[in-house]
Amino acid sequence: MTPPSIEYGQLAPLLIVLGAAVAGVVVEAFAPRKSRYLTQVTLSLAGLVAAFVAVVLLARGLRGGLGHTAVAGAVVVDRPALFLQGTILLIGILGVLLIAERRAPAEYDDSAIALDAFTADASTVPGSVAEKIATKAALVQTEVFPLTMFAVGGMMLFPAAGDLLTMFIALEVFSLPLYLMCGLARRRRLLSQEAALKYFLLGAFSSAFFLYGIALLYGFAGTLSLTGVAAAIRTDADDATLALVGAALLAVGVLFKVGAVPFHSWIPDVYQGAPTPITAFMAAATKVAAFGAMLRIFYVALPGLAHDWRPALWAVAILTMVVGTVTAVTQTDVKRMLAYSAVAHAGFILTGVIAANPAGLSATLFYLFAYGFSTLGAFAVVSVVRDAAGAEETNMARWAGLGRRYPWLGWCSRCSCWPLPAFR
């Protein structure tokens, strides 16, 4: 067998991010505890910035705007993939800065500084003596940084996958770290652990649907390549029942990740229970990656079945917009309200996917770029609105008159975290 050639230059952004993630694991294993925070933050930001520079250089090097494949067709390097990767990296940079926020919590007896949103020791039982000891010692669990880098690496590969197996691997690479990080909240730990467990169980089911869809498409086409599946559908369009079932199962997997109805039930619970910096990063970056993969599946592998999947997606989009918008109005928790808003936005973005033309592709990419940063900013504002004890205040009744008391908060809500004092 002839081993495939690996175009390392074309894979530079992915390799840089995953290399930084592996280096972060080594830091966690061997670096002194006191120096881990600064090392991890520096390593993560340097890796993300370097990967973004590599994305820009690759985009400038594309001849005539035409893309190409790498690693025997497993990875696609084209303008949409690089645009999505650059967006994910920028969101990742802001997400790491939000995760890295430190302060001296009210329950500490000294001036120790800790990661504000994350538990001091994730392995302890909530409310136990061991947890109280870890909190008083101001332990900083910096493993969240390499986990974030692994998630960013998987998200970058997901919309750039050239075959279904690579796409499934990317899905698991970014999903597993998110399952863990959702359970690391410092306050309301039981709610956080419930969110992580719910996300894990439902995510496992959706991954199983996705994998079963891959198996059926492989059985129909005899190949895992997206272009190969498209060619097989064109050749045997009159007997594509197996391909239709496989496409439906693939759609279940990606619609779960974007939070479309009826696969949205995990969104409000997970967004509410997860640490707010993780919610911000997950809400923005996951949607970008998942919609990028959806575009790759429907535009590259399944255009021959457009007359079948477009009506189904229209129904899903309409239900998603209606359910997300109406349900958001009834919420009393800010994070749950933003979660249902994210569901509604998934319906809006689906309309661009359904267009199945270059204009729809461009509109979807633009919407994802704008949506990612605005969502990150919205959750960043949630993280700075706090009560007198320093805990996040997410009850909407407590937000009444907030804009009048802190007028600058409205100005900065889309782009930055503003240091808001505790309020009563």
Side-chain angles (χ1 to χ4, degrees), residues 13-25 27-28 40-41 43-52 55 81 84-100 115 117-118 122 141-161 166-185 192 195-196 199-200 202-204 206-207 210 253-254 256-259 266-267 270-271 273-293 342 368 372-373 375-376 379:
L14 282 169
L15 295 178
I16 291 171
V17 171
L18 294 176
V22 173
V25 174
V27 169
E28 284 296 307
Q40 293 284 23
V41 174
L43 181 62
S44 299
L45 292 176
L48 293 171
V49 171
F52 182 77
V55 167
L84 292 169
Q85 288 180 347
T87 302
I88 291 169
L89 287 169
L90 291 176
I91 292 172
I93 292 171
L94 297 177
V96 167
L97 292 175
L98 193 58
I99 290 170
L115 285 176
F118 300 94
Q141 299 300 316
T142 51
E143 70 270 17
V144 67
F145 294 104
L147 288 173
T148 302
M149 295 299 288
F150 276 118
V152 171
M155 291 173 183
M156 291 174 64
L157 181 58
F158 199 37
T166 303
M167 191 172 287
F168 176 75
I169 293 173
L171 173 66
E172 294 305 302
V173 168
F174 81 79
S175 294
L176 293 175
L178 291 178
Y179 300 154
L180 292 173
M181 291 189 291
C182 284
L184 298 181
S192 177
Y199 191 19
F200 168 69
L202 294 178
S206 73
S207 296
F210 192 86
V254 290
F256 173 87
K257 282 301 177 184
V258 303
W266 64 276
I267 291 278
V270 173
Y271 280 24
T276 300
I278 300 303
T279 303
F281 169 72
M282 177 173 58
T286 301
K287 200 170 294 274
V288 174
F291 268 109
L368 288 172
F373 292 103
T375 298
L376 193 71
F379 280 104

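The side-chain heavy atoms of Cys182 and Ser192, taken from C-beta on, include no pair separated by under 4.5 Å.
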Assess the residue pair Val173 and Ile169 against the criterion (side-chain contact (heavy atoms from CB on, under 4.5 Å)); give the C-alpha distance rounded to whole Å, side-chain angles, the decisive distance to 0.1 Å, and a yes or no.
CA-CA 6 Å; Val173 168; Ile169 293 173; 4.1 Å; yes

Quick one, Leu157 with Phe174, criterion side-chain contact (heavy atoms from CB on, under 4.5 Å). Give me CA distance, side-chain angles, the key distance, then yes/no.
CA-CA 9 Å; Leu157 181 58; Phe174 81 79; over 6 Å; no

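The main-chain N or O of Gly253 is never found under 3.5 Å from a side-chain atom of Ser206 such that the two would form a donor-acceptor pair.
Taking CD1 of Ile278 as the reference point, atom OG1 of Thr148 lies at 5.0 Å (rounded to 0.5 Å).
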Listed pairs under 3.5 Å, donor-acceptor, residues 281-290 side chains, sequence neighbours left out:
unit_1	atom_1	unit_2	atom_2	d
Thr286	OG1	Met282	O	3.0
Lys287	NZ	Val258	O	2.7
Lys287	NZ	Ala342	O	3.2

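Among the candidates Phe256, Tyr179, Phe200, the single residue satisfying the ring pair (Phe, Tyr, Trp, His ring centres under 6.0 Å) test with Trp266 is Phe256.
Residues Pro146 and Ala21 share a closest heavy-atom pair of CB-O, 3.6 Å. When all heavy atoms of Val41 and Ala100 are compared, the closest pair comes out as CG2-CB, 3.9 Å. Across all non-hydrogen atoms, the minimal contact from Ala170 to Gly154 is CB-O, 3.6 Å.
With sequence neighbours excluded, the residues forming a side chain to side chain contact (heavy atoms under 4.5 Å, CB included) with Thr279 are Tyr271, Ala274, Lys335, Phe379, listed by chain and number.
No side-chain donor from either of Glu143 and Gln40 sits under 3.5 Å from a side-chain acceptor of the other.
Phe158 and Phe210 have tilted rings, their planes meeting at an angle from 30° to 60° on a 0 to 90° scale.
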